[in-house]
Amino acid sequence: MSNTLEAIHLLEDKIQTLLFNYEFLKKENEILFQSSTGFQHKILEQQQLIANQKVAYDTLKIAKTIDGSSTRDTKLKINTLIREIDKCIIQLQE
């Protein structure tokens with residue numbers, strides 16, 4: 001009978017250990033999930049910042065081109081812009 005009681009106590013100890021580990025891992029998982037969510041938000045913010053900076057860079061490039069640094073580049077850019085405007089007008093007319 002003492003073997004049975006020892007086995008039961010051993011089983012109880014193991015179950016308590018498992019429950020403790022389960023709770024600990026559950027809390028750790030929750031913390032890691034929150035951290036992951038925070039990092040995902042930061043990544044999205046950085047991607048948006050990069051996109052905004054790219055637009056600003058492209059605008060600056062256009063301004064520099066129009067500034068007169070190279071008449072050939074300026075003419076090419078103006079022609080490209082005119083073609084884009086023409087495409088937009090055609091789409092609006094459809």
Asker: Check side-chain contact (heavy atoms from CB on, under 4.5 Å) between I85 and all other residues, then give those that pass, not counting sequence neighbours.
Answerer: I89
Asker: Please round to the nearest 0.5 Å and tell me the distance separating atom OG of S36 and atom CG of N29.
Answerer: 10.0 Å
Asker: How long is the straight-line distance from CG of L10 back to CG of N3, given to the nearest 0.5 Å?
Answerer: 11.5 Å
Asker: Has the side chain of S35 got a donor or acceptor atom that lies under 3.5 Å from a matching backbone atom of I31?
Answerer: no
Asker: Side chain to side chain contact (heavy atoms under 4.5 Å, CB included) for F20 and Q16? Distances and angles first, verdict last.
Answerer: CA-CA 6 Å; F20 175 77; Q16 285 178 349; over 6 Å; no
Asker: If a pair satisfies side chain to side chain donor-acceptor pair (under 3.5 Å) and one of its residues is in residues 51-60, list it, with sequence neighbours excluded.
Answerer: K54-D58
Asker: Restricting to side-chain contact (heavy atoms from CB on, under 4.5 Å), what partner residues turn up for Q47, sequence neighbours left out?
Answerer: I43, L44
Asker: Side-chain heavy atoms under 4.5 Å apart, restricted to Ile/Leu/Val/Met/Phe/Trp/Tyr: what other residues fall into the cluster of I15, or is it alone?
Answerer: L11, L19
Asker: Apply side-chain contact (heavy atoms from CB on, under 4.5 Å) to Q34 and list each qualifying residue two or more places apart in sequence or on a separate chain.
Answerer: E30
Asker: Could I get the full list of side-chain contact (heavy atoms from CB on, under 4.5 Å) partners for K26, not counting sequence neighbours?
Answerer: Y22, E23
